[in-house]
Amino acid sequence: MKKLIIILLTVASFRLFAGNEDAVYLKMEKTFILHQDGTIEQRYSHDLKILSYYAIHRKYEETVINYNPHFQEIKIHEVSTRLENGKIVRLPANAINEVLPAEAADAPAYNFLRRLVITHTGIEPNCIIHVDYSLITKNGFFPCLMGNERIQQSSPVGELNIKVIVPEQTDLKYDLLNIQAQPEIVSEKGTRQYEWKFSQLKAISEELWQPAPQVFEPYLIFTTKDLKVVYNEFLNQPAMSFYLSEKARQWVEKTKSASKDNLDFIFKVHQYITDYIRTYPLPLNLTGYKIQTPDEVFQNCGGTRIEKLALMNAILQSVGIKPVLKLIAPGITKSISSLNIDAFSDCMIEIMLRGEESRDLTYYADQKDELSVNQNYGRVVYATYLPLYSGMSTYDPTSCSDCISIDFQNVNYVKMDEKGYIFSVTSPENKKLAVVQDTVFKIIRIPWSESGMEMWQLPAFVSKRETPVFLPAIRSDNRKIVMEYPSKLRFIGNNTHFFIENEAGSFFFDISKKGKKLIIQRKIQFNKQIIEPDSYQKLKELIAFWQSEKFNTLYFTGK
């Protein structure tokens, strides 16, 4: 009977996913159980049909599970491979091995963590890999039962079931984002079971420049404890007292005395955090949502992202600067009752200086310099922020949906010499050759600023798109150049004015001549930061004009 079910699922999967898939999940089940004694069990199983050698060698040759052996154990129920001829290959004993997780490499404070590696045997095209295991967590390691489940997977899924089982007296808060579906709820034997069923799921798209999946994909979030309670528990750990030892305070005093002002001191501290404190890319759930103290991070010269920023926070606090450390839940743009601490996968620190040094600064643990709006804008919008105030229990999460509007503007006064070198009027020593081609004509590339959209590193635009486009920082980019050119050269062209507007935004270009000066203006503006697939062609049109040679080159004659 079991063999017949697998065959039927296989036939169904080919009907659903006729394409170039490397593999198909025939069935996947995820079960989250909160037992009466507080133990949490996460059971996972799947039947994965392999369709290509790429899937064998690059994607699904192993199953890996990271865990904390001090508080967690893994129980393998069954792992096997069903060959195309129906033969079952059982997992040999030497196919299960423990290694150090890559995230904990060179991290002495976390070298007790483990990764269980299950190497699948007998895999070939058209085989089916069956995996069934449980990750069991002791009471007290996690603050509660919680989950943030991405519904779409790395390959198409024929059938996906997600179950959450809690004691009958336990309240479960849940939200299913971007799709209308309700769970089946059953009460039996002192428990309440919630089950969500999905079918015919596409694989996660590999298209570039997508928003966080919580913004547009089906996404399940649940918790058994209010975030405010967990927040207060998180603050009530030694690391959040921001204590520094005598040795660390001596370093702070030495660095402060060598700094010109508070701004210079902040730059020096951030440089130290970046260059001398190693980053451990560990998620909070592997450490039980406990973090090293700032002093431990200082002594160990290494920490997770939040630990590094907690150290920076402690150092600045010790000299009277009052930064705010914030956790970030990407893609959560509205207040939801099921929001849990595991959703906060990023963090940042904000510093507001006032007086003569008035400046607002934002830093991430993995950035080399002060926040660049071009490179980090996607991290500071379409998210929920949770400030961590030292010595205070002020629960104040803030959801942000496209709440920051940045308009980049640049006016540049430049001169061009007879050889085609362009230089700024204010910095004549910094010359840049702008001649693209020098034959009968001098073809000059317009010297736009290297900031703004030039930092986007735009991907190749395909003919159509299935997922939304998430644009980086700039809502609009407005450039103006006043360029003086030599009297021996003659500009070929007339005054030009061009404007186009569509549902994605607008593009404007203007060039006018006054004596031996050209006044050039170019502006692109977007109506939204997230461009839906239906508007993708309109976005392509605007970007094409922005990048067009017609609006980026000038033609001159003469010697």
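Computed from a predicted model, the values in this text were never measured in an experiment.
Within the 3.5 Å criterion, the main-chain N or O of I531 finds no donor-acceptor partner in the side chain of S535. Without hydrogens or angle criteria, T81 side chain to T121 main chain gives a donor-acceptor distance under 3.5 Å. At least one donor-acceptor pair under 3.5 Å links the side chain of K308 to the backbone N or O of I273. Counting only distance, with no hydrogens or angles, the side chain of Q153 and the backbone of V24 share no donor-acceptor pair below 3.5 Å. For the pair Q36 (side chain) and P167 (backbone), a donor-acceptor distance under 3.5 Å is absent. The backbone N or O of I291 sits less than 3.5 Å from a side-chain atom of Q237, completing a donor-acceptor pair. Proximity of a side-chain donor or acceptor of N502 to a complementary backbone N or O of K538 within less than 3.5 Å is detected. The backbone N or O of I221 sits nowhere less than 3.5 Å from a side-chain atom of N340 that would complete a donor-acceptor pair. No donor-acceptor distance shorter than 3.5 angstrom exists from the side chain of R150 to the backbone of Q152, with no hydrogens or angles considered. Checked by atom type and distance alone, the side chain of E466 never pairs as donor or acceptor with a backbone atom of S205 at under 3.5 Å.
When each of L227, V229, I341, L386 is checked for a side-chain contact (heavy atoms from CB on, under 4.5 Å) with F234, only I341 meets the rule. Put simply, the residue from E207, E206, E532 that forms a salt bridge (Lys or Arg N to Asp or Glu O under 4.0 Å) with R465 is E207. The side-chain contact (heavy atoms from CB on, under 4.5 Å) with F198 is formed by just one residue from the set I162, V157, N161; it is I162.
R114 CZ to N66 CG: the interatomic distance, rounded to the nearest 0.5 Å, is 11.5 Å. Distance check, rounded to the nearest 0.5 Å: CD1 of I123 to CD1 of I50 gives 6.0 Å. Considering CD1 of I524 and CG of D477, their distance stands at 8.0 Å, rounded to 0.5 Å. For the atom pair Y219 OH and N178 CG, the distance stands at 11.0 Å (nearest 0.5 Å). One finds the CD1 atom of I277 at 5.0 Å from the SG atom of C301 (value rounded to the nearest 0.5 Å). In this structure, K163 NZ and Q193 CD are separated by 5.0 Å, a value rounded to the nearest 0.5 Å.
Between P69 and L113, the shortest heavy-atom distance links the atoms CD-CA, 4.1 Å. In terms of heavy-atom proximity, S154 sits nearest to A203 at O-CB, 3.8 Å. Pairing each heavy atom of N148 with each of A343, the nearest pair is OD1-CB, 3.4 Å. Closest of all the heavy-atom pairs between A23 and P156 is O-CD, 3.5 Å. Nearest heavy atoms, N300 versus A109: ND2-CB, 4.2 Å. Closest non-hydrogen pair, I179 versus P218, comes out as CG2-CB, 4.1 Å.
Contact annotation: the side chain of Y280 never approaches that of E103 to less than 4.5 Å [non-hydrogen atoms, C-beta and beyond]. Side chains of L48 and V131 form no contact here, defined as non-hydrogen atoms less than 4.5 Å apart. For the pair Y364/D346, a side-chain contact is recorded, criterion being any heavy-atom separation below 4.5 Å from C-beta on. Inter-residue side-chain proximity for L83 and V89 is flagged as met; some heavy-atom pair is nearer than 4.5 Å. Residues T63 and H120 form a side-chain contact, since some pair of their non-hydrogen atoms from C-beta on lies under 4.5 Å apart. Using a 4.5 Å heavy-atom threshold, the side chains of H130 and R82 count as separate. You'll find the side chain of Y60 reaches within 4.5 Å of the side chain of S155, heavy atoms only. Using a 4.5 Å cut-off on side-chain heavy atoms (C-beta onward), V462 and Y536 make contact.
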- Task: Under the side chain to side chain contact (heavy atoms under 4.5 Å, CB included) rule, what do K228 and N232 come out as? Steps first, then yes or no, please.
- Result: CA-CA 6 Å; K228 184 176 181 179; N232 289 329; 4.2 Å; yes
- Let me see the working for N68 and F112 under side chain to side chain contact (heavy atoms under 4.5 Å, CB included), right down to the final yes or no. CA-CA 7 Å; N68 188 324; F112 58 87; 3.5 Å; yes
- I would like to know whether Y363 and T274 meet side chain to side chain donor-acceptor pair (under 3.5 Å); could you show each step before the answer? CA-CA 11 Å; Y363 289 102; T274 303; over 6 Å; no
- Query: Given D132 and S45, is the side chain to side chain donor-acceptor pair (under 3.5 Å) satisfied, shown in steps?
  - Reply: CA-CA 4 Å; D132 186 2; S45 67; 4.7 Å; no
- Query: Does the pair L284 and F344 meet the rule for a side chain to side chain contact (heavy atoms under 4.5 Å, CB included), with working shown?
  - Reply: CA-CA 9 Å; L284 280 170; F344 292 85; 5.9 Å; no
- Task: Apply side chain to side chain contact (heavy atoms under 4.5 Å, CB included) to D342 and T223, showing your working.
- Result: CA-CA 10 Å; D342 196 47; T223 183; over 6 Å; no
- Message: I'd like to know whether T304 forms a side chain to side chain donor-acceptor pair (under 3.5 Å) with Y110, so could you lay out the CA-CA distance, the side-chain angles of the two residues, the decisive distance to 0.1 Å, and finally the verdict.
- Response: CA-CA 10 Å; T304 62; Y110 296 110; 5.3 Å; no
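With sequence neighbours left out, the salt bridge (Lys or Arg N to Asp or Glu O under 4.0 Å) criterion links E62 to no other residue.
Note: Y194 and W196 have parallel aromatic rings, judged against thresholds of 30 and 60 degrees for the angle between ring planes.
Residues F32 and F222 place their aromatic rings such that the two centres sit under 6.0 Å apart.
A salt bridge does not link K189 to E168: none of the charged side-chain nitrogens sits closer than 4.0 Å to a carboxylate oxygen.
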Please output the side-chain donor-acceptor pairs of residues 133-147 that fall under 3.5 Å, not counting sequence neighbours, one pair per line with the distance.
| unit_1 | atom_1 | unit_2 | atom_2 | d |
| --- | --- | --- | --- | --- |
| S134 | OG | E41 | OE2 | 2.8 |
| S134 | OG | H77 | NE2 | 2.7 |
| T137 | OG1 | Q72 | NE2 | 3.0 |
| N139 | ND2 | D37 | O | 3.4 |

